[in-house]
There are 2 protein chains.
Amino acid sequence: MLKKTNRVSLVDQVVSQIEHLIEGGQWPIGEKLPPEMELMEEFGVSRNTLREAIHALVHAGLLETKQGSGTVVRSSSALEAAFNRHIEKSNLIETLEVRLALEREAAEMAAKHRTDEDVKEIEECMAQCQDAAKKDDIEEFVKADITFHQAIVKATNNQLLQDLYEYMTDPLYSSIHDIMIMDIPFDYDKEIHHELVRAIREQDVEGAKKYVNEYIHAFKQRL
Amino acid sequence: MLKKTNRVSLVDQVVSQIEHLIEGGQWPIGEKLPPEMELMEEFGVSRNTLREAIHALVHAGLLETKQGSGTVVRSSSALEAAFNRHIEKSNLIETLEVRLALEREAAEMAAKHRTDEDVKEIEECMAQCQDAAKKDDIEEFVKADITFHQAIVKATNNQLLQDLYEYMTDPLYSSIHDIMIMDIPFDYDKEIHHELVRAIREQDVEGAKKYVNEYIHAFKQRL
DNA sequence: CACTCCAAATTTGTAGGATGATTGGGATAT
DNA sequence: ATATCCCAATCATCCTACAAATTTGGAGTG
């Protein structure tokens, strides 16, 4: 039984190298890449090969090219771009439901694993929600509320969960906004999750779970 | 203020056309594409342009090329490939946790939205679990159990949830297997979720939620 | 000096040709 | 029938040339 040829095409090798440069931070987001000519020499490949590699990454969402100007790093995660494309073809309710699934798990995990650092950050986010509430600025409140929820997800200490939650939140922004301000007059108090923060602070897993279940149930009613 | 030029590069146009052919089913999975020469004529572009387009889709996971043989359609979803690459760099526990989050939500949604068709399918999967249990064939049981859980996810009628669950299950297969057979002697009865199926059949949302919470809690203990 | 405008340089986009590498199948010999 | 060899088909890589878009810098003007 012969070993499968492990031959990797030159294009794929270049793609991998560029990916590593981006993920490793050598080429941070916004960075302008050297022109094709220089990259050809650096990687030791022809222009065609280099261009196929670059365009693969453009399509993946990592790079962005503009004729006459150059190529810049656009994102460090290919998953986000793929997600956005997939969600575009999917319906928003489905995305929202999956996001709620993540949120539910996040609350429980956050209560279990949160550090003091996390609690501090979550409370700061909640304070911003209260500021916006005082000013009766709904737009700002919605933004602060979303940041608040992301802080909780961050406290799970699960990077994948955090990434997925973020990738789903952005395309849903307008929907979340519309659902939140559905009730007029807007009841700020009900939307500020004091009880959830308390549960996370005190590592009261059951309390966090219970509160989020109620919150999500109420949220789903509005769909 | 001039409108931004909406010029789309030839490469991207070709990419879109091919994507549509694949998603639309004109080029089903496994289909062999015409050789580059023909595609060049069909799309009216040069070799370089066509090859950049094709390689973008290869990197996205939709196509697969083999030198000397040809190009075939590999998948109709770019998300799966992006997911696998992302998960590779992530740790398995994190992936498992996210998968459990989806599972929890799925049980509740399945109990709510399941059709008679879904119930039938779920019960068939459970029957296969029981067959494997009777034969004391652990390997087959694990496979059947995974299929059983996927049937439940399918009953949610949420395509995105179903896709994500599937994309996460495949890379986790060996982990799930190891965790399941951790307890020796293997207790088949405990692993067959009669109670869950009953709850879904009777659309007992609370019952499904409660059972899955217990099941997931027990599962997490083993991590 | 400050500003405008245009031409040149830079950079990516597209085209087409040439050659190498790999695969698969058919012809041939045993 | 089997095994071997050879060749056609196909993708992989490299090369040159030109087009199109953008940026840059300098000449000219007030």
Side-chain angles (χ1 to χ4, degrees), chain A residues 1-19 21-22 27 29-75 81, chain B residues 1-19 21-22 27 29-75 81:
Chain A
M1 165 84 175
L2 285 177
K3 204 177 107 189
K4 251 186 207 165
T5 49
N6 271 344
R7 169 155 178 66
V8 177
S9 75
L10 269 183
V11 177
D12 289 334
Q13 291 180 40
V14 174
V15 167
S16 293
Q17 289 190 59
I18 297 179
E19 277 177 341
L21 284 169
I22 294 175
W27 289 354
I29 293 178
E31 176 93 347
K32 190 171 178 307
L33 270 63
E36 291 178 348
M37 288 300 204
E38 286 180 35
L39 292 176
M40 284 166 57
E41 286 187 14
E42 188 169 334
F43 292 122
V45 297
S46 75
R47 185 146 178 246
N48 276 347
T49 304
L50 178 73
R51 283 183 56 80
E52 280 183 37
I54 287 183
H55 199 277
L57 292 172
V58 168
H59 185 257
L62 293 186
L63 297 179
E64 195 168 19
T65 61
K66 212 163 59 171
Q67 188 175 175
S69 173
T71 305
V72 298
V73 180
R74 184 189 170 193
S75 163
Chain B
M1 166 82 177
L2 285 177
K3 202 176 121 194
K4 252 187 204 163
T5 49
N6 270 345
R7 171 156 176 64
V8 177
S9 75
L10 270 181
V11 178
D12 289 334
Q13 290 179 42
V14 174
V15 167
S16 293
Q17 289 189 58
I18 297 180
E19 276 177 341
L21 284 170
I22 294 176
W27 288 354
I29 293 178
E31 177 93 347
K32 190 171 179 306
L33 270 63
E36 290 178 350
M37 289 300 231
E38 285 180 34
L39 292 176
M40 283 166 56
E41 286 186 14
E42 187 169 335
F43 293 121
V45 298
S46 74
R47 253 186 279 293
N48 280 342
T49 303
L50 179 73
R51 282 183 58 79
E52 281 182 36
I54 286 184
H55 200 278
L57 292 171
V58 168
H59 185 258
L62 292 187
L63 297 179
E64 195 169 20
T65 60
K66 211 163 59 172
Q67 190 175 178
S69 173
T71 306
V72 297
V73 180
R74 183 189 170 193
S75 162

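Proteins get letters first, then strands, A, B, ... in listed order; numbering begins at 1 in each.
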For this session: May I have the distance from B:M40 (atom CE) to C:dG17 (atom P), rounded to whole angstrom?
Result: 8 Å
Problem set entry | Any residue meeting side chain to side chain contact (heavy atoms under 4.5 Å, CB included) with A:P35, in chain and number order, not counting sequence neighbours | A:E38
Problem set entry | Whole-Å gap separating C1' (D:dA12) and CD1 (B:I54) | 12 Å
For this session: Go along nucleotides 5-13 of chain C 5' to 3' and tag each nucleotide: B for a protein heavy atom under 4.0 Å from its base, S when only backbone or sugar atoms are that close, - otherwise.
Result: -----BBBB
Problem set entry | Residue pairs involving residues 40-51 of chain B (criterion side chain to side chain donor-acceptor pair (under 3.5 Å); sequence neighbours excluded) | A:N48-B:N48, A:E52-B:R51, B:E36-B:R51, B:S46-B:T49
For this session: Please name all residues satisfying side-chain hydrogen bond (donor to acceptor under 3.5 Å, both in side chains) with B:S16, sequence neighbours left out, ordered by chain then number.
Result: none
Exercise. For the pair made of CG in B:L39 and P in D:dA12, what is the distance, rounded to whole Å?
Worked result: 13 Å
Exercise. Listed by chain and number, what are the side-chain hydrogen bond (donor to acceptor under 3.5 Å, both in side chains) partners of B:S9, not counting sequence neighbours?
Worked result: B:D12
Exercise. Excluding sequence neighbours, so at least two apart, what forms side chain to side chain contact (heavy atoms under 4.5 Å, CB included) with B:E64?
Worked result: B:V72, B:R74
